[in-house]
Visitor: 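The structure follows.
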Amino acid sequence: PRRLTEPEVRRLIQCAEELRPGYGSLVEVLAWSGRRPKAIFALRVSDCARLVDPKLARHERLVHWREDKGGEGRGWGPVTDPAY
């Protein structure tokens, strides 16, 4: 097992977008967020309000994670820069 390289992830994103427009963004978030699909699919628009608030500094731009495996990692948390 190994981590995918950035070029590999970029190619996966490109293929997903070609397969179905809009899916590239989903693959990108799944690849770079560090979260399980369960956490990503549980997000609501309101959970991401702080993430896109231009008045907040980057380190204050958080996502409210409602779900994750075993209930761990829930609550307000950051996203990685590539996912951001």
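Quantities reported herein were computed from a predicted structural model and do not represent experimental measurements. Starting from 1, each residue takes its place in the sequence as its number.
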Visitor: Quick one: CD on E67 to CZ on R36, what's the gap to the nearest 0.5 Å?
Guide: 12.5 Å
Visitor: Answer yes if L43 and L30 sit in the same cluster of Ile, Leu, Val, Met, Phe, Trp and Tyr residues linked by side chain heavy atoms under 4.5 Å apart, and no otherwise.
Guide: yes
Visitor: Using the test side-chain hydrogen bond (donor to acceptor under 3.5 Å, both in side chains), find all partners of R58 that sit at least two apart in sequence or belong to another chain.
Guide: D81
Visitor: Using the test side-chain hydrogen bond (donor to acceptor under 3.5 Å, both in side chains), find all partners of S46 that sit at least two apart in sequence or belong to another chain.
Guide: none
Visitor: Do any N or O atoms from the side chain of R61 and from the backbone of D53 form a donor-acceptor pair under 3.5 angstrom?
Guide: yes
Visitor: Evaluate the criterion side-chain contact (heavy atoms from CB on, under 4.5 Å) for residue pair E28 and R10; output intermediate values, then yes/no.
Guide: CA-CA 8 Å; E28 188 165 14; R10 294 282 167 223; 3.0 Å; yes
Visitor: If the condition is salt bridge (charged side-chain N to carboxylate O under 4.0 Å, His left out), which residues does R66 pass it with, not counting sequence neighbours?
Guide: D47
Visitor: Grouping I, L, V, M, F, W and Y whenever their side-chain heavy atoms are under 4.5 Å apart, do W32 and L51 come out in a common cluster?
Guide: no
Visitor: Mind listing the closest non-hydrogen atom pair of V27 and A16 along with its distance?
Guide: CG2-CB, 3.5 Å
Visitor: Does Y84, at its OH atom, have more than 12 non-hydrogen atoms belonging to other residues, nucleotides or ligands within less than 6.0 Å?
Guide: yes
Visitor: Between Y23 and E17, what is the shortest heavy-atom contact and its length?
Guide: N-OE1, 3.7 Å
Visitor: Run the side-chain contact (heavy atoms from CB on, under 4.5 Å) check on L56 and L62 step by step: do they pass?
Guide: CA-CA 10 Å; L56 297 175; L62 306 172; over 6 Å; no
Visitor: What closest approach, in Å, do C48 and V63 show between heavy atoms, and which atom pair accounts for it?
Guide: SG-CG1, 4.4 Å
Visitor: Check the hydrophobic clustering (I, L, V, M, F, W, Y; side-chain heavy atoms under 4.5 Å; chains of links allowed) and say if V79 and L26 are grouped together.
Guide: yes
Visitor: Taking all non-hydrogen atoms of both residues, which atom of P78 and which atom of W65 are closest, and how far apart?
Guide: O-NE1, 3.9 Å
